[in-house]
Amino acid sequence: MSNPATDVSPKPTASANPRRRALTTIAAVAVLAGGGYGAWWALYARHSESTDNAYVQARVVQVTALAGGTVKAVEADDTDHVRAGQVLLRLDATDAKLALEQAEAQLAQTVREVRQIYTGNDTLGTQVAQREADLKRAQADLARAQDDVKRRAPLVESGAVGREEFNHVTAQLASARSVVAAAKSALDTAHEQQRSNGILTDGGSVESQPQVQRAAGKVREAWIALKRTELLAPVDGHIARRSVQLGQRVQPGTPVMSVVDLQGAWVDANFKEGQLRALRLGQPAELVADVYGDKVVYHGRIAGLGAGTGAAFSLLPAQNATGNWIKVVQRVPVRIVLDRAEVAAHPLRVGLSMTVTVDVARQDGAVLPAVAATAHPDRTEVYDGLEREAEADVQRIIAANLGRVGVAASTARKPA
């Protein structure tokens, strides 16, 4: 039997229990945290890709002068909202108006000259008929003279006809032959003039003649040059970067301002190359702008993945085949189109920072579009009417100088 007096086995101390409880608590918290993170990753994180390297983009349409001249009026300023077709800038149109008036006068003169050529066809036709009648009359006189000579020639030897009379009819025969030759020559000349004039009028009406078409082209050119002294907004949007002032002399192609289509804004999200394996066209995305904070969440979808990394299209692309090399993770721009209603409710600005989270649960979309787009969204129709208006002015002038001013001519609008 053991002796209680000599039993010295250690007994638990009071300080050991709290330490064990603390370690147990820490372990439990770690397990719970790990389980929560695992559940969050399994249910949400593994089905999403996010980046804060994203910025708002929009169509920035640079408006440039279409014609040279002195700035007469600036109709829009920075931050103004404009509609497509609205006048943004007016240039002094004095020179353009004078050029148009000269071109119109030249067209009118050309039409009248061509009309005169057409009228000459009838005149030359009458002359040909007259020359043919003259030739027939001369040929009849020649035949009569030949008969006279033929009848009198046998009678000269018998003395029935005097030598003087015979010489007289012989002279008449020679004269008749000369008249026939002259008539033939005049007829040939008339035919040649008719053919020559016909070449100038060959091919149809007065309007289709090359001289008229050339003069009409000058009128169209002058008309369009006059209309281009008014610079129009190509799209709806807000004015930015106005760089033109009153009285400034501008040349064709000079940038004067920009129009930014904020309503059609999108986001370029620059994802790391390792994130691209899960990104597909059409996947939904949620976006948060720093300017509004987490209270405003935009919704969009992936519309396209860039054809190359940002470094590949930089001004000085990396030369990784030279010198020492350090790997740098590359990023590829991914275009995300936004809900227009949400953008209208909370307008964005070009260049604003965004945080993008893409739901990559669906993997049935394509990485690159398989079919080329059939229609490009960037298109303007504000310049389409210029040619029609110029053609109306041309037809008005032609009709007026042909003597048949019609409805089209009377309703043609002249430029202001």
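Sequential numbering from 1 along the given sequence is applied to the chain's residues.
Judged by distance alone, with hydrogens and angles left aside, the side-chain atoms of Gln275 form a donor-acceptor pair with the main-chain N or O of Ser50 at under 3.5 Å. Although no hydrogens or angles enter the test, the distance criterion places no donor-acceptor pair under 3.5 Å between the side chain of Glu101 and the main chain of Leu98. The closest donor-acceptor contact from the side chain of Asn401 to the backbone of Ile398 lies at 3.5 Å or more, if one exists at all. Of the possible polar contacts, none joining the Ser258 side chain to the Gln62 backbone as a donor-acceptor pair under 3.5 Å is found. Checking side-chain atoms of Ser243 against main-chain N and O of Val256 turns up a donor-acceptor pair under 3.5 Å. Between the side chain of Asp268 and the backbone N or O of Gln57 there is no donor-acceptor pair closer than 3.5 Å. Of the possible polar contacts, one joining the Gln363 side chain to the Ala278 backbone as a donor-acceptor pair under 3.5 Å is found. The main-chain N or O of Val250 is never found under 3.5 Å from a side-chain atom of Thr254 such that the two would form a donor-acceptor pair. For the pair Thr229 (side chain) and Ala67 (backbone), a donor-acceptor distance under 3.5 Å is absent. Remark: the backbone N or O of Ile239 is not paired with any side-chain donor or acceptor of Arg242 at under 3.5 angstrom.
Between the OG1 atom in Thr51 and the CD atom in Glu49 there is a gap of 10.0 Å [rounded to 0.5 Å]. A distance of 8.5 Å separates CG in Asp52 from CG in Asp290, rounded to the nearest 0.5 Å. Within the model, atoms CG of Leu386 and CZ of Arg228 stand 7.0 Å from one another, a figure rounded to the nearest 0.5 Å. For the atom pair CG (Leu276) and CZ (Phe271), the distance works out to 8.5 Å, reported to the nearest 0.5 Å. Note that CG of Leu279 and CG of Leu305 are 6.0 Å apart. Values are rounded to the nearest 0.5 Å. Note: Asp364 CG to Gln283 CD = 8.5 Å, rounded to the nearest 0.5 Å.
Leu262 has its side chain within reach of Val350: a pair of non-hydrogen atoms, C-beta onward, lies under 4.5 Å apart. Counting heavy atoms from C-beta on, the side chains of Met354 and Val288 never come closer than 4.5 Å. The shortest distance between side-chain heavy atoms of Val111 and Gln109 does not fall below 4.5 Å. Leu66 places a side-chain heavy atom less than 4.5 Å from the side chain of Tyr383. Contact of the Arg59 side chain with the Val235 side chain is registered, since non-hydrogen atoms from C-beta on lie closer than 4.5 Å. Contact annotation: the side chain of Val63 approaches that of Val259 to within less than 4.5 Å [non-hydrogen atoms, C-beta and beyond]. Side-chain atoms of Val87 and Leu231, non-hydrogen and from C-beta on, never get closer than 4.5 Å to each other. Side-chain contact between Leu348 and Leu338 is present, with at least one heavy-atom pair separated by less than 4.5 Å.
For residues 330-344, the set of pairs meeting the salt bridge (Lys or Arg N to Asp or Glu O under 4.0 Å) definition, not counting sequence neighbours, is empty.
Surrounding CD of Glu387 are at most 12 heavy atoms belonging to other residues, nucleotides or ligands under 6.0 Å away. Heavy-atom neighbours of Arg249 CZ from other residues, nucleotides or ligands within 6.0 Å: above the threshold of 12. Taking a 6.0 Å sphere around CG of Asp384, one finds it holds more than 12 heavy atoms contributed by other residues, nucleotides or ligands. Summarising the local packing, CD of Gln251 is surrounded by more than 12 heavy atoms from other residues, nucleotides or ligands at distances under 6.0 Å.
Between Pro347 and Arg349, the closest heavy-atom pair is CB-NH1, 3.6 Å. Shortest non-hydrogen contact noted between Tyr55 and Ser353 is CE2-OG, 3.6 Å. When every heavy atom of Tyr298 is checked against every heavy atom of Ala289, the shortest pair comes out as CE1-CB, 4.1 Å. The two atoms that bring Glu286 and Val297 nearest to each other are CB-CG1, 4.0 Å, heavy atoms only. Between Ala233 and Val382 the shortest heavy-atom distance is O-CG1, 3.7 Å. The shortest heavy-atom contact between Val356 and Ala285 is CG1-CB, 4.3 Å.
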Task: side chain to side chain contact (heavy atoms under 4.5 Å, CB included) between Thr79 and His238, worked out - done: CA-CA 6 Å; Thr79 73; His238 292 78; over 6 Å; no
Task: Residues Arg241, Met257; criterion side chain to side chain contact (heavy atoms under 4.5 Å, CB included); working and verdict - done: CA-CA 5 Å; Arg241 297 189 297 183; Met257 61 184 70; over 6 Å; no
- [ ] Before giving the answer on side chain to side chain contact (heavy atoms under 4.5 Å, CB included), spell out for Val332 and Asn270 the whole-Å C-alpha distance, their side-chain angles and the decisive distance to 0.1 Å.
- [x] CA-CA 5 Å; Val332 175; Asn270 302 300; over 6 Å; no
Task: side chain to side chain contact (heavy atoms under 4.5 Å, CB included) between Glu230 and Leu89, worked out - done: CA-CA 6 Å; Glu230 293 182 350; Leu89 188 73; over 6 Å; no
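Note on Asp236 versus Arg83: salt bridge recorded, some NZ/NE/NH1/NH2 to OD/OE distance being below 4.0 Å. A salt bridge does not link Asp92 to Lys72: none of the charged side-chain nitrogens sits closer than 4.0 Å to a carboxylate oxygen. With salt bridges taken as basic N to acidic carboxylate O contacts below 4.0 Å, none links Glu391 and Arg396.
Taking the six-membered ring where tryptophan is involved, the planes of His346 and Tyr292 are perpendicular, since the angle between them exceeds 60° and thus also 30°.
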